[in-house]
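Beneath this line is the structure, given in structure tokens, with notes to follow.
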There are 2 protein chains.
Amino acid sequence: MAQLSDSIERFIKDMMEDGAQIEVRRNELAQHFGCAPSQINYVLATRFSVDHGYIIESRRGGGGYIRIVRMGVNSPENLLSALLQRIGNSIDEDSAVAIIQNLLDRRLVTLNEARIMRAAVAKNALALPVSAKDVLRASVLSGMVRQVFQNAEEGK
Amino acid sequence: MAQLSDSIERFIKDMMEDGAQIEVRRNELAQHFGCAPSQINYVLATRFSVDHGYIIESRRGGGGYIRIVRMGVNSPENLLSALLQRIGNSIDEDSAVAIIQNLLDRRLVTLNEARIMRAAVAKNALALPVSAKDVLRASVLSGMVRQVFQNAEEGK
DNA sequence: TGCTATAATAGTCAAAGTAAGTCAACTAGA
DNA sequence: TCTAGTTGACTTACTTTGACTATTATAGCA
């Protein structure tokens with residue numbers, strides 16, 4: 001029997017056939033497959049992670065939802081993952097600036113966007129010991145880079 | 001089902017389309033949406049806070065009302081310093097998001113820029129103990145806000 | 001006129017309702 | 001047997017409601 005997780009994965013991907021994003025109710029989906037709601041989280045975590053090129057947004061409470069967004073891996077095939085890999089979990093300011101410049105050169109961000117990003121990773125934006133700064137800068141920059149690709153995807 | 005709160009928020013913002021302020025009767029509004037009057041207070045508290053760029057004035061008793069005022073800004077300089085002051089050296093994620101939304105509402109940033117900024121201050125962008133996160137978020141956000149104003153200045 | 005009672009409003013807060021997230025223990029298939 | 005998959009109890013977050021409180025205008029009365 002095809003694994004439940006596989007079926008759910010397929011189901012979600014089918015729903016995303018046309019359109020870069022969908023919204024689902026976790027409970028509805030779970031009910032549809034007759035499984036525990038947390039099973040949905042499992043599928044999302046294992047098949048729709050950032051590494052897989054997706055971003056998950058959600059909201060709890062009444063009217064809650066889970067939104068699954070496919071990130072565009074635009075121009076050069078795996079630019080996004082290459083960048084994320086380059087950033088890793090620690091990066092110095094100069095390298096960060098270079099990456100942002102790269103995005104600008106490729107016209108993946110506007111000049112204003114690039115400036116905002118630079119401001120976010122500037123050394124004086126991170127009031128911490130130097131080594132910690134690099135770690136933090138990496139996570140802030142990764143978040144922004146992912147967002148840039150998501151923006152690009154949606155704009156298509 | 002679109003959330004009641006969301007509908008009410010939309011309704012109010014539509015009413016404010018032209019004009020920086022409106023006045024409503026809490027009970028009327030509640031009746032219009034078929035909900036408890038205090039629901040209106042909830043919407044105001046969560047979507048029309050000062051961080052969102054609104055001021056609420058009201059009066060009880062006969063002829064009572066609730067006035068919703070979109071904060072005007074005499075000059076960008078004032079807004080900038082107001083925002084920086086609000087950010088201070090520590091700010092939680094919700095407030096940061098509200099401030100970014102405020103910038104977007106005022107069209108000081110584009111949707112894509114706003115998204116990038118949100119990504120930079122998201123909790124998962126800051127892998128640190130919670131209290132430290134707020135401090136860091138404040139400095140990152142301040143840096144970006146300053147940059148936004150600088151961009152605007154240059155664009156003129 | 002000046003005071004008081006009443007009606008008309010809005011504010012606050014806590015409880016209940018709704019929905020997603022986490023985590024650790026259990027299960028089953030390769 | 002080992003790992004991916006599955007489940008359920010518990011936690012966190014957001015929304016909605018209702019009971020109770022506070023404030024203000026006004027009508028009626030002394």
Side-chain angles (χ1 to χ4, degrees), chain A residues 1-13 21-52 54-69, chain B residues 1-12 21-52 54-69 92-98 101 118 122-125 127 129-131 133-134:
Chain A
M1 165 189 66
Q3 294 289 282
L4 217 203
S5 291
D6 293 338
S7 309
I8 298 175
E9 175 187 8
R10 185 94 307 279
F11 185 80
I12 293 176
K13 288 189 168 164
Q21 76 176 60
I22 57 164
E23 241 175 64
V24 299
R25 297 309 201 78
R26 188 179 75 151
N27 286 339
E28 265 180 24
L29 200 48
Q31 197 157 28
H32 181 266
F33 284 95
C35 65
S38 55
Q39 177 68 22
I40 306 303
N41 297 83
Y42 176 76
V43 173
L44 294 177
T46 55
R47 277 106 152 139
F48 293 87
S49 69
V50 168
D51 290 342
H52 287 88
Y54 295 86
I55 289 179
I56 306 300
E57 299 168 47
S58 68
R59 187 164 160 184
R60 306 183 189 189
Y65 59 81
I66 296 179
R67 179 152 48 216
I68 305 163
V69 185
Chain B
M1 159 189 50
Q3 284 312 106
L4 218 201
S5 292
D6 294 338
S7 309
I8 297 175
E9 174 187 8
R10 185 94 308 281
F11 185 81
I12 292 176
Q21 77 176 60
I22 56 164
E23 242 175 63
V24 297
R25 297 309 200 77
R26 188 179 76 150
N27 286 338
E28 265 179 25
L29 199 48
Q31 196 157 29
H32 180 267
F33 284 96
C35 65
S38 55
Q39 178 70 22
I40 306 303
N41 297 82
Y42 175 75
V43 172
L44 294 177
T46 55
R47 276 108 156 138
F48 294 87
S49 69
V50 170
D51 284 342
H52 284 93
Y54 295 88
I55 291 176
I56 305 300
E57 299 167 43
S58 67
R59 190 163 176 155
R60 308 182 189 190
Y65 59 84
I66 295 179
R67 179 153 46 213
I68 304 163
V69 185
D92 64 43
E93 186 175 359
D94 284 349
S95 304
V97 168
Q101 180 66 40
R118 275 197 284 262
K123 62 179 158 309
N124 52 16
V130 178
S131 58
K133 271 184 209 203
D134 288 351

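Of the candidate nucleotides dT15(D), dT6(D), dA10(C), dT15(D) has the atom nearest to the side chain of Arg59(A). With dA22(D), dT22(C), dG5(D) as the candidates, the nucleotide lying closest to the side chain of Arg26(A) is dT22(C). Set against dT16(D), dA20(C), dT9(C), the side chain of Arg60(B) has dT9(C) as its closest nucleotide.
If you check every strand for non-hydrogen atoms under 4.0 Å, Ile66(B) touches sugar and phosphate atoms only. Residue contacts shown for Arg47(A) are limited to sugar-phosphate atoms, with no base heavy atom under 4.0 Å away. Within 4.0 Å of Gly64(B), counting heavy atoms only, lie sugar-phosphate atoms of the nucleic acid but no base atom.
OP1 or OP2 of dT6(D) has at least one side-chain nitrogen or oxygen of Ser5(A) nearer than 4.0 Å. The phosphate of dA20(C) has OP1 or OP2 within less than 4.0 Å of a side-chain N or O from Asn27(A). In this structure, Tyr42(B) does not reach the dT16(D) phosphate: none of its side-chain N or O atoms is under 4.0 Å from OP1 or OP2.
Comparing Gly62(B) and Asp94(B) by the nucleotide of DNA chain D that holds the closest heavy atom to each, the one mapping nearer the 5' end is Asp94(B). Nearest-nucleotide assignment on DNA chain C puts the 5′-proximal partner with Arg25(B), out of Ser38(B) and Arg25(B).
Residue Arg47(B) is tested with Glu9(B), Gln101(B), His52(B) for a side-chain hydrogen bond (donor to acceptor under 3.5 Å, both in side chains); the sole match is Glu9(B).
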